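Single-structure report; data block below.
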There are 2 protein chains.
Amino acid sequence: MSAPTFNGTRESLLTPGQVAALFHVDPKTVTRWAHAGRLGSLRTPGGHRRFRESEVLALLRSLTTEATR
Amino acid sequence: MSAPTFNGTRESLLTPGQVAALFHVDPKTVTRWAHAGRLGSLRTPGGHRRFRESEVLALLRSLTTEATR
DNA sequence: TATTAATCGGGTAATTGGGGGG
DNA sequence: CCTGTCCCAATTACCCGATTAA
C-alpha cells in the first residue's frame with residue numbers, strides 16, 4: 001500500500017499536547033495561539049485541532065534563536 | 001497503485017489507515033466519522049471501509065485554517 | 001494454500017474544547 | 001496582555017480477540 005498520490009503535500013501534524021510539550025506550556029495555551037491566529041490549525045470533524053509540524057518547528061526555532069525582541 | 005474498482009468507478013479510494021494518517025488521528029476515529037455520517041464510505045464485501053480520496057481531501061481542505069500571518 | 005498486516009467489533013482510559021475566573 | 005487552572009461535555013486513543021485484505 002502506498003500513499004495515494006495526492007498532490008505531493010504530505011504534512012505531518014501534531015496534537016495540541018505534543019505542541020504544548022515542545023514549548024513547555026499548557027495545551028490550553030496552544031489553543032489560544034491557534035485562536036489568535038499565531039498558529040495555523042486543522043480541525044478534525046470532531047473539532048479537535050491539529051498543527052502543522054513544520055510551522056510549529058519554525059515558530060519554536062524563532063523563539064529558541066532568541067531573536068531580538 | 002490504483003483503483004480497486006469493486007464499486008464500478010475509477011475513483012481512487014483510501015483505507016481507514018490512510019485517512020487517519022492525513023488527519024493524524026486513530027483509524028478507529030475515521031470509522032466513527034463514517035458511522036456518524038460525517039464522511040461517506042464504501043464497504044468491501046468483507047465489511048472493511050473505503051473512502052473516496054476526493055471527498056477526504058475536500059474535507060481536509062475545508063477544515064484547514066491558514067494562519068494568515 | 002499460507003503469511004502478514006490492517007480493520008473489523010466492543011469497551012474503557014485519556015485528551016481536548018469551551019466558558020469562566022484568578 | 002498572557003498564562004495556568006477548574007468545571008463539564010464531547011471527542012479521541014488504546015485495549016482485546018476475531019475477521020478480512022493483499
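The model shown is predicted, which means the values in this text are computed figures rather than measured ones. Here is the naming used below: chain letters follow the sequence lines, and residue numbers restart at 1 for every chain.
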OP1, OP2 of C/dG17 versus side-chain N and O of A/Arg49: anything below 4.0 Å?
yes
Take nucleotides 13-20 of chain D nucleotide by nucleotide from the 5' end and write B, S or -, depending on whether a protein heavy atom sits under 4.0 Å from the base, only from the sugar-phosphate, or from neither.
BSB----B
Overall bend of the helix from C/dT3-D/dA22 to C/dG19-D/dC6 (five pairs an end, 10° steps) is 60°
Ignoring hydrogens, what is the shortest heavy-atom contact between A/Gly40 and A/Phe51? Give both atom names and the distance.
O-CD2, 3.5 Å
My understanding is that only residues two or more places apart in sequence, or in another chain, count here; which of them pass side-chain hydrogen bond (donor to acceptor under 3.5 Å, both in side chains) with A/Ser54?
A/Glu11
Is there a side-chain contact between B/Leu13 and B/Arg52, using heavy atoms and a 4.5 Å cut-off?
yes
May I ask you to evaluate whether A/Trp33 reaches the phosphate of D/dC2, defined as a side-chain N or O under 4.0 Å from OP1 or OP2?
no
Measure from NE2 on B/His35 to C1' on C/dC8 and round the result to the nearest Å.
13 Å
Please tabulate, for side-chain N and O atoms in residues 14-33 of chain A, each donor-acceptor pair with protein atoms closer than 3.5 Å (sequence neighbours left out).
residue: A/Thr15; atom: OG1; partner: A/Gln18; partner atom: N; Å: 3.3
residue: A/Asp26; atom: OD1; partner: A/Lys28; partner atom: N; Å: 2.9
residue: A/Thr31; atom: OG1; partner: A/Pro27; partner atom: O; Å: 3.4

B/Glu55 meets the side-chain hydrogen bond (donor to acceptor under 3.5 Å, both in side chains) criterion, sequence neighbours left out, with none
Compare all side-chain heavy atoms of B/Arg50 with those of B/Arg43 and state whether any distance is below 4.5 angstrom.
no
What is the distance from CG of B/Leu63 to P of D/dT11, rounded to the nearest Å?
14 Å
I want to check something: taking the side chain as every heavy atom from C-beta on, are A/Leu42 and B/Thr64 in contact at a cut-off of under 4.5 Å?
yes
In whole Å, I'd like the distance from the CD atom of B/Gln18 to the C1' atom of D/dA21.
14 Å
Rounded to whole angstrom units, what separation is found between the CZ atom of A/Arg43 and the C1' atom of D/dT12?
14 Å
